[in-house]
Amino acid sequence: MKLFHIFLFGTLYSLSTLPASADTLEDIDFFETGGNYYSYPWMGKEPPAQTPIPDGYQPFHLEHYGRHGSRWHIGDYNYDLPFEKLSKASKDGKLTPLGEEVLEVVIAVRDEFKKGRDGELSDKGAIQHKEIGRRMALNYPEIFTPQTNIDARSTVVIRSILSMFNGLNGIQTVVPEINIKTDASHADMWYMNYHDTTMRKIKNRVDTVELKAFQKKHANKGEYLKKLFNDQEYARDSIGTELFNPLFSLLVNTQSHYAQPWILDRVFTIEEARERWMGRNANWFVESGNSKITENHQPFSQRNLLYNIIESADTAINSSEKSVNLRYGHDSIIMPLSVLMELNNFGLEINDLEELAEAGWHDYKAIPMAANIQIVFYRPDSNVVSSQDDVLVKVLLNEEETLLPVQSEMAPYYRWTDLKDYYLKKLQK
């Protein structure tokens, strides 16, 4: 397949329209350095207000893809290695008071994980989706009516299925009588959770060259060990570099739970946290970003999903019914989809990993826990079944309005025919 490549126009257009709030490295806080473990940002507060709808239009359909909510880690490593290293150091009398406190946190979190929580949705993850669903229904009462048909689908992973049902529960707190159909089947995985083998081979090749060199340059220097161990020779010989990543991962993910303590910022400096984030963010870029480093191929891993969204939207446009298509899956899908759709600055072509942070290509902006893309369709008030030429569309990334890669005098509202034609040409070349 010949892939569409738009460096000149796409880059110039995106740079001229980047959101003013694009973060630089110095703006990133401890929570955000968790990257894809960053807890959904609108917990307990409202997302930014939306731009008023153009006169004479009303919403009638919504397409969606959402990541599962906050979860436990997948696999034992991030729990077991810190426990083993710190427990031995404690028995050897080598921990500082802070080191002992960190060990207590590790033991408590690990004990709960060992009850069978591997990769499961957390208590906070459930609430995230309930609130997103509730706000979705409140934001678009014209769409979410008792007569509306919701088609909700999930990948076959339990945390995604539970996220779907929590999201639907949130919707039903606003519209109890709404019509809902649910499914979670391997039959839908070709577009709901597709992993392209060609793209994977390209990423694996780059992993061994550019990415490893970048991550080595930004590797942790071990300064945090002085806070945890009272014997630096012991720390160097018995701990080394093994502890940093699993301990950071365990502590940064306590933000995914209501009852787990937050002590990450007492163990690591913000500089250490940001350096680690740079390496992780670069990994996501190599996995999903638009770059010559990966032959500009990676975002096209989600071409099946974008085709499905376009086809589903056209079906809704040709119907007189109000409808919603909800899909629940994973960060590994939302990240390349955000790049493929060129939401805000995520479609930028960047060919130097050192430029990612200052360019505003930040993983936590696209794939926090419970990340979601909402595509809202509008038609003239007088039309029951619209001509496609009359339909407007707006895209929200994590409930914030985005800029899209076509021109519009009404941004963040765009003509559906312009956007659809742009995407289809991109996908077909």
Side-chain angles (χ1 to χ4, degrees), residues 40 42 47 58-71 120-193 304-305 308-330 333-334 337 369-379 384-385 391 393-399:
Y40 195 67
W42 309 121
Q58 65 173 326
F60 69 96
H61 177 67
L62 189 146
E63 294 283 334
H64 159 278
Y65 191 100
R67 181 193 183 191
H68 58 74
S70 287
R71 62 164 169 79
E120 290 186 348
L121 192 71
S122 72
D123 50 358
K124 186 177 284 189
I127 298 299
Q128 288 163 351
H129 275 290
K130 285 182 181 177
E131 289 300 296
I132 292 168
R134 181 185 65 84
R135 285 193 295 268
M136 199 183 295
L138 290 173
N139 287 339
Y140 308 108
E142 301 90 344
I143 300 178
F144 290 85
T145 74
Q147 292 76 41
T148 297
N149 296 309
I150 294 181
D151 186 324
R153 300 178 187 231
S154 169
T155 65
V156 294
V157 179
I158 188 62
R159 59 183 174 271
S160 297
I161 296 171
L162 290 175
S163 293
M164 174 177 69
F165 281 108
N166 277 284
L168 293 171
N169 285 342
I171 292 170
Q172 287 181 305
T173 63
V174 180
V175 192
E177 308 89 354
I178 201 164
N179 302 309
I180 296 172
K181 181 179 75 172
T182 60
D183 199 6
S185 171
H186 288 282
D188 293 324
M189 294 306 98
W190 64 274
Y191 69 92
M192 287 278 288
N193 194 28
N304 292 348
L305 177 55
N308 178 263
I309 290 170
I310 291 170
E311 292 170 358
S312 298
D314 281 349
T315 298
I317 290 169
N318 293 326
S319 171
S320 61
E321 303 292 330
K322 304 288 180 69
S323 58
V324 177
N325 292 321
L326 304 178
R327 307 166 184 83
Y328 291 85
H330 307 276
I333 307 303
I334 285 193
L337 180 62
M369 294 294 186
N372 58 96
I373 296 173
Q374 299 178 29
I375 309 171
V376 188
F377 293 81
Y378 303 78
R379 61 187 170 200
V384 175
V385 178
V391 174
V393 64
K394 176 174 70 175
V395 179
L396 297 97
L397 177 60
N398 300 322
E399 299 180 84

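In this structure the side chain of I373 reaches within 4.5 angstrom of the side chain of V395, judged on heavy atoms. A heavy-atom distance below 4.5 Å is found between the side chains of I171 and L326. Side-chain contact between I132 and Q374 is present, with heavy atoms from C-beta onward closer than 4.5 Å. With contacts defined as side-chain heavy-atom distances shorter than 4.5 Å, the pair E311/D314 does not qualify.
Residues passing the side chain to side chain donor-acceptor pair (under 3.5 Å) test with E63, sequence neighbours excluded: H61, N325, R327. N139 meets the side chain to side chain donor-acceptor pair (under 3.5 Å) test with no other residue; sequence neighbours excluded. For R159, the salt bridge (charged side-chain N to carboxylate O under 4.0 Å, His left out) criterion is met by no residue, not counting sequence neighbours. Residues meeting the side-chain contact (heavy atoms from CB on, under 4.5 Å) test with T315, sequence neighbours left out: none. Residues forming a side-chain contact (heavy atoms from CB on, under 4.5 Å) with A184 (at least two apart in sequence, or on another chain): S154, I161. Applying the side chain to side chain donor-acceptor pair (under 3.5 Å) criterion to N166, with sequence neighbours excluded, gives no partner residue. D123 is linked by a salt bridge (charged side-chain N to carboxylate O under 4.0 Å, His left out) to nothing, counting only residues two or more places apart in sequence or in another chain.
Taking CG from L162 and OG from S122, the interatomic distance works out to 11.0 Å, rounded to the nearest 0.5 Å. The CZ atom of R71 lies 10.0 Å from the NE2 atom of H330; values are rounded to the nearest 0.5 Å. One finds the NZ atom of K322 at 7.0 Å from the CD atom of E142 (value rounded to the nearest 0.5 Å). Here CD1 of I158 is found 8.0 Å from CD of E120. Values are rounded to the nearest 0.5 Å. We find the CG-CD1 distance between L121 and I127 to be 10.0 Å, quoted to the nearest 0.5 Å.
Applying the side-chain hydrogen bond (donor to acceptor under 3.5 Å, both in side chains) test to every pair with at least one member in residues 124-135, sequence neighbours left out, gives these pairs: S39-Q128, S70-Q128, E131-R134, R135-E399. Every pair passing salt bridge (Lys or Arg N to Asp or Glu O under 4.0 Å) that includes a residue from residues 166-184 is listed here, sequence neighbours excluded: D151-K181. Sorted by first and then second residue, the ring pair (Phe, Tyr, Trp, His ring centres under 6.0 Å) pairs involving residues 131-190 (not counting sequence neighbours) form an empty list.
Here the side chain of N372 pairs no donor or acceptor atom with the backbone of Y65 at under 3.5 angstrom. Formation of a donor-acceptor pair under 3.5 Å by the T155 side chain with backbone atoms of G329 is not found in this model. Listed for the T173 side chain is a donor-acceptor partner under 3.5 Å among the backbone atoms of G170.
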Take I333 and L305, measure what side chain to side chain contact (heavy atoms under 4.5 Å, CB included) needs, and give me the verdict at the end.
CA-CA 9 Å; I333 307 303; L305 177 55; 3.5 Å; yes
Given the rule in the side chain to side chain contact (heavy atoms under 4.5 Å, CB included) test, do M192 and Y328 qualify, once you have shown the distances and angles that lead to the verdict?
CA-CA 8 Å; M192 287 278 288; Y328 291 85; 5.6 Å; no
Given T148 and T145, is the side-chain hydrogen bond (donor to acceptor under 3.5 Å, both in side chains) satisfied, shown in steps?
CA-CA 5 Å; T148 297; T145 74; 3.0 Å; yes
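Residues A313 and F377 come closest through the heavy atom pair CB-CZ, 3.4 Å. Between V376 and P59, the shortest heavy-atom contact is CG1-CB, 4.1 Å. Residue G69 comes nearest to S163 through the heavy atom pair N-OG, 3.1 Å, listed as atom of the first residue, atom of the second, then distance. Among all heavy-atom pairs drawn from S320 and R379, the shortest one is O-NH2, 4.0 Å.
Only one option out of V174, L62, L396 pairs with M136 in a side-chain contact (heavy atoms from CB on, under 4.5 Å); it is L62.
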